[in-house]
Amino acid sequence: MRCRLVAGNWKMHGSLAANQALLAALKARLRQVEGVSYAVCVPFPYLNQVSAALTGTPVAWGAQTLSEHDAGAYTGEVSGAMLREFGCRYVIVGHSERRSLFGETDQQVAAKFMAAQRCGLVPILCVGETLEQRERGDTQEVVGRQFETVLNAAGIAGFVSAALAYEPVWAIGTGKTATPAQVQEVHAFLRALAAKRDQGIAQELSVLYGGSVKPGNAKELFAMADVDGGLIGGASLVADDFVAICEAASR
Ligand code: PGA
């Protein structure tokens, strides 16, 4: 059976003091559940704090982006090898905020995905359409192109150790969640794209949903056949909410 994953995306939030309280709550309350993984993806400066707090717990950690380069004169960038040194298991690539605010292209996202895998990190590849694209009927074309650029570069074998996250841009941080049926439709489409290349790998691929997941809607979203967990922004900063969402992911 495919693994479920609930990953928090802290974005550019946190402080040493606030993180300490949040991490202590996760450590105290999250229990290992067969087939379900948990993670927090945090700002780079907090990786040391997070690794100290979460080592030996069921909660893994990761970063929110990485450089597509392995090393060199790239001022301000952070490599996958550096993330591994801090015990990261995951790294988010291609989040819509990186694409829209920092100009990351599909090709660059593919290069980051492969850079992550060169270092043994598990990339969580984000895809998603804007409201305008959805209203034009272009959802499948947009998410299909985003996914296939990475499939073409990394091959389907690259998805043996990776997760895919469908995050409609219009649902991120807006309190407007896609309906379970809308989510299922896109997830099934994405899995079918993977299945054209390899049935077995497609069946095992964890496809997460992200966009205003809250304790009140997590269960119904996670109940859909092709939804294997979530990528959680705002609610991952509130211990009670994140714990409740993680619990909703256990079957
Ligand atoms: P949200 O963010 O849960 O705050 O909508 C999700 C994300 O951006 O990953």
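This is a predicted model, so every value here is computed, not measured. Order of appearance sets the numbers: ligands from 1, and atoms from 1 within every ligand.
Distance from atom 3 (O) of ligand 1 to its nearest protein heavy atom, with residue and atom name: Gly233 N, 2.9 Å. Annotation: atom 7 (C) of ligand 1 to nearest protein heavy atom, Glu167 OE2, 3.2 Å.
Every atom of ligand 1 is numbered from 1 in the order shown, and the set under 4.0 Å from a heavy atom of Gly211 is 5 (O). Near Gly234, meaning under 4.0 Å from any of its heavy atoms, are these atoms of ligand 1: 1 (P), 3 (O), 4 (O). Of all the atoms in ligand 1, the ones that sit under 4.0 Å from a non-hydrogen atom of His95 are 7 (C), 8 (O), 9 (O). Counting atoms of ligand 1 from 1 in the listed order, those under 4.0 Å from a heavy atom of Ala171 are 5 (O). Of all the atoms in ligand 1, the ones that sit under 4.0 Å from a non-hydrogen atom of Lys11 are 2 (O), 7 (C), 8 (O).
In this structure, Tyr166 and His187 have perpendicular ring planes: the angle between them is above 60°, well past the 30° mark.
Residue Gln20 qualifies as open at atom CD: its count of foreign heavy atoms under 6.0 Å is 12 or below. No more than 12 heavy atoms of other residues, nucleotides or ligands sit less than 6.0 Å from atom CZ of Arg89.
When heavy-atom distances to ligand 1 are checked against a 4.0 Å cut-off, Asn9 comes that close only through its side chain, counted from C-beta outward.
The shortest heavy-atom distance from Ser212 to ligand 1 is under 4.0 Å.
Ionic pairing of Arg118 and Glu68 is not present here: no N-O contact between side-chain nitrogen and carboxylate oxygen is shorter than 4.0 angstrom. A salt bridge is absent between Asp138 and Arg145; no separation between the charged side-chain nitrogens and carboxylate oxygens falls under 4.0 Å. The residues Asp228 and Arg4 are annotated as not salt-bridged, no charged nitrogen and carboxylate oxygen being separated by less than 4.0 angstrom. Ion pairing between a basic and an acidic side chain is recognised when a charged N comes within 4.0 Å of a carboxylate O; Glu104 and Lys112 show such pairing.
The heavy atom nearest to atom 5 (O) of ligand 1, considering only Gly173, Ser236, Gly175, Ala235, is found in Gly173.
Here the two rings, on Phe147 and Phe189, have centers that are 6.0 Å apart or farther.
Not one N or O of Gly210 is nearer than 3.5 Å to an N or O of ligand 1, by distance alone.
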